[in-house]
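Beneath this line is the structure, given in structure tokens, with notes to follow.
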There are 2 protein chains.
Amino acid sequence: MRLTYSAEHAIITAMKVTQKDIAVRLNVSPSLVSRALTGTADVIGASEKTVKRIQEEAGRLNYHPSAAALALRGRPTGTLGLVIKDFDDPFFGHMVRELQRLAREAGYSLIMTGCDSKDSTTMDLFSLTKFGLDGLVLCGSDFLPDGLDALISTGLRVVQIGVGKKHNGVTAVCVDQARGMELLLRHLVELGHSQVGYVGDNSDPNRRRENLLATTMRKMGMTIRREWFIRSGKTGPDAGYEGMMHLIKIGHGALPTAVVMADDAFAITALRACHENGVEVPADLSIVGVDDIPFARMTIPALTTVRQPTEKLVRAAFSLIVGNGETKNRDCMVIEPELVVRESCAKPVR
Amino acid sequence: MRLTYSAEHAIITAMKVTQKDIAVRLNVSPSLVSRALTGTADVIGASEKTVKRIQEEAGRLNYHPSAAALALRGRPTGTLGLVIKDFDDPFFGHMVRELQRLAREAGYSLIMTGCDSKDSTTMDLFSLTKFGLDGLVLCGSDFLPDGLDALISTGLRVVQIGVGKKHNGVTAVCVDQARGMELLLRHLVELGHSQVGYVGDNSDPNRRRENLLATTMRKMGMTIRREWFIRSGKTGPDAGYEGMMHLIKIGHGALPTAVVMADDAFAITALRACHENGVEVPADLSIVGVDDIPFARMTIPALTTVRQPTEKLVRAAFSLIVGNGETKNRDCMVIEPELVVRESCAKPVR
DNA sequence: AATATTTCTTAAACCGCTCTAGTGAAATAA
DNA sequence: TTATTTCACTAGAGCGGTTTAAGAAATATT
């Protein structure tokens, strides 16, 4: 008898009905009840009428199996885990949704957790795994190596989405960022741009993007102006705004003609910074984002961006996790980005 | 190495470190390990150095208690659950983040799941619950009544965030929507508006908001034009856009001077629809949103909106879940919304 | 009639962990 | 010296299921 105490009155919650309750009531053994309720009829080895009797009694008593017991018993839990870096970023939100859909379709349920700061990461990883997962998807990079290693050493299937470099043998799905930068720069050059800047922050993936942009520019023979490569000190939604403000302030009179923003959230807030300073996009300045979040086509002007194909990423990750045979055990699957041309980039006037 | 093969899912479940592993490795009894890892030092009845030895070994082996076993044993699992309606909505994303922060600070870990469509809801609730949670936060309304009842009857502490009406006895935290509408309308009236429209969709909370707006308008003596109350057929990011397009098309020549959007996501996309049709905001039309998502102050024009104070909502929900004494067992906590005046509302020209 | 086979049912171990009730041994008290 | 207390630890049951090996009863085979 489980007693639950509530502020005013002591309330006695009815004990949860167990298989044993059914067994006692029908005067049969617990194991028979178990098999009658779970096994398929022909495999059971129990008389039809007994099975029916048990099932009826289970229904009558409103019996529901304890998942804790099931999990403890080591049966696959039909549960996939997802760790997301930042729920405030719409890009991840979209990802979550896609993965959830896929999981549901395949009969899995999906549980997830976030991990804001670096140091909390390991704990967050394990906060999921202690529930007994069938697989784990990591989304948003920079997880602590030791946490990861520990996880993988348990034999859990882990797939990482969106990291550029392979991380000590973790199976990964990533977008070919170099190719994205190439697509983007080619487009800008075609429009006539040669003065290109970048606004990002200090996070791992954004610094990586910065480097990639620079190397690709160099490869294409474009000159790089160090002062046009901004790393905003802020993080989160304000980072893009701050970065662009900074660029406009220091670049007074000598702005680049186009700026690559670390991602669409950066770009959206940069649009605002431009607006506040009378910088017209795309007339005075072209802006390009990365991700193609749902809002990207709703901004004014609509955002030209390098789409990270969410569905493909998620589908790939999923197949790596639950896949059998062919899709299994690949080190890294690379997804091609796509350039989405909208309004925020145009021919430079200068 | 323990490898379990399952026919159903064809997944090899991970080997987990158990207390027994630690016990064997240190040549002590499992019960001692248990007590060393859970009990308070002075209650334990174990030598300090042994306790330390055990704790160190636990850390070294990356031990994490099995939530299933804890749940089965009737112990708190240190885990809170969160069910989110739509991860694509930035408002919820923000909420997740806040709750996660709070949970972490209090030593809980947070796991969550989404629930897109109505029929999947019960399963989703269950997918979280089955491992034994210490509390569950429901966020985003319209959960199936029977699913909820079943949940609550297990004795689990459940708090619902953001529902207007109390739902069969579920503890709830909600924003005073009527007050929000009042704030908003008062502001519009002060600016000189009398022709007010609404764009929402068919979802429960948005229909409620629609009704609330109408009754508040009536209460304030404003006339309601049925054709200015739009329910977009779409859902998701496009709904606001579609709805506004529709309003502009049918209202040709007789637009309201202000439109209340169901939420900020709706408003942002409506801004785009206006832009595409040469409707200037706020010159030709004032637009007001609800929520105050991070992007709301970044749009052009910046969004005037009724803020749902995320931190307060989350903090309230959290205190109801883990709270002791005073904050416990309240049926419904009501949070006051705040009007955030930005650029998207102005005096009407007409 | 005796044995073999099939059919129905049960006892018991196990999953990881908690917790009560011990068990020795050393330390203190009588 | 013996009785008592403290201390550090162990044994074992139980949470709610599943599962394997084995026992009893009914039916089939020789």
Side-chain angles (χ1 to χ4, degrees), chain A residues 1-2 15-24 26-54 58 61-77 126 129-132 154, chain B residues 2-8 13-54 58 61-79 129-132 154-155:
Chain A
M1 193 67 88
R2 197 181 314 136
M15 209 166 63
K16 209 189 161 201
V17 351
T18 75
Q19 290 187 352
K20 195 181 171 188
D21 296 331
I22 300 174
V24 167
L26 295 181
N27 201 29
V28 293
S29 78
S31 53
L32 185 55
V33 174
S34 171
R35 274 145 75 261
L37 292 176
T38 40
T40 19
D42 45 84
V43 174
I44 273 181
S47 71
E48 224 169 279
K49 65 167 186 276
T50 315
V51 170
K52 187 167 273 177
R53 220 158 49 101
I54 291 174
L61 295 184
N62 225 322
Y63 166 79
H64 285 280
S66 148
L70 293 187
L72 186 58
R73 200 63 190 78
R75 286 187 60 218
T77 53
F126 280 102
T129 52
K130 68 180 175 192
F131 289 98
T154 66
Chain B
R2 193 187 321 135
L3 294 180
T4 318
Y5 188 81
S6 126
E8 286 174 43
T13 18
M15 190 186 78
K16 271 207 77 174
V17 178
T18 75
Q19 290 187 352
K20 198 180 168 190
D21 296 332
I22 300 174
V24 167
R25 211 159 303 234
L26 296 182
N27 201 29
V28 293
S29 77
S31 55
L32 184 56
V33 175
S34 171
R35 273 147 75 260
L37 292 176
T38 39
T40 23
D42 45 87
V43 173
I44 270 181
S47 74
E48 226 170 275
K49 65 167 184 274
T50 315
V51 170
K52 188 169 272 179
R53 221 158 47 99
I54 290 174
L61 296 183
N62 244 311
Y63 166 79
H64 287 268
S66 146
L70 290 183
L72 185 59
R73 204 66 188 75
R75 302 303 310 167
T77 54
T79 306
T129 297
K130 64 182 174 188
F131 294 113
T154 65

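Convention: sequence-line order gives letters A, B, ...; per-chain numbering from 1.
- The side chain to side chain contact (heavy atoms under 4.5 Å, CB included) with Leu32(A) is formed by just one residue from the set Ile54(A), Ile22(A), Val51(A), Leu37(A); it is Ile54(A).
- Separating the CG atom of Leu70(A) from the C1' atom of dC15(C) is a distance of 11 Å, rounded to the nearest angstrom.
- Using a 4.0 Å heavy-atom criterion, one finds that Val28(B) contacts the sugar-phosphate atoms exclusively.
- Between Ser29(B) and Ala23(B), the shortest heavy-atom distance links the atoms C-CB, 4.0 Å.
- Separating the NZ atom of Lys49(A) from the P atom of dA26(D) is a distance of 11 Å, rounded to the nearest angstrom.
- Heavy-atom distances to DNA chain D give each of Arg53(B) and Leu72(A) a nearest nucleotide, and the one nearer the 5′ end belongs to Arg53(B).
- Atom P of nucleotide dC15(C) and atom CD of Gln19(B) are separated by 14 Å, given to the nearest angstrom.
- For Arg75(B), no side-chain nitrogen or oxygen approaches OP1 or OP2 of dG16(C) to under 4.0 Å.
- You won't find any donor-acceptor pair under 3.5 Å spanning the side chain of Arg73(B) and the base of dC19(C), going by distance alone.
- Looking only at side-chain heavy atoms (C-beta outward), Val28(A) and Arg53(A) come within less than 4.5 Å of each other.
- Within the structure, every side-chain polar atom (N or O) of Ser34(A) is placed at least 4.0 Å from both OP1 and OP2 of dG17(D).
- Rounded to an integer number of Å, the gap from Leu32(A) CG to dA11(C) P is 11 Å.
- Spacing between atom CZ of Arg35(A) and atom P of dT19(D) amounts to 10 Å, rounded to whole angstrom units.
- Rounded to whole Å, the distance from NZ on Lys20(B) to P on dC17(C) is 11 Å.
- One interatomic measurement links the two molecules: CG of Leu61(B) to P of dG16(C), which rounds to 14 Å at whole-angstrom precision.
- The two atoms that bring Asp21(B) and Lys16(B) nearest to each other are OD2-O, 3.5 Å, heavy atoms only.
- Proximity of Ser31(B) to the phosphate of dC9(D): no side-chain N or O atom is located under 4.0 Å from OP1 or OP2.
- Nucleotide dC9(D) holds its C1' atom 16 Å from the CD atom of Glu48(B), rounded to whole Å.
- Taking all atoms of both residues into account, the shortest heavy-atom contact from Gln19(B) to Ser34(B) is OE1-CB, 3.3 Å.
- Between Ser29(B) and dT10(D) there is a side-chain polar atom (N or O) within less than 4.0 angstrom of OP1 or OP2.
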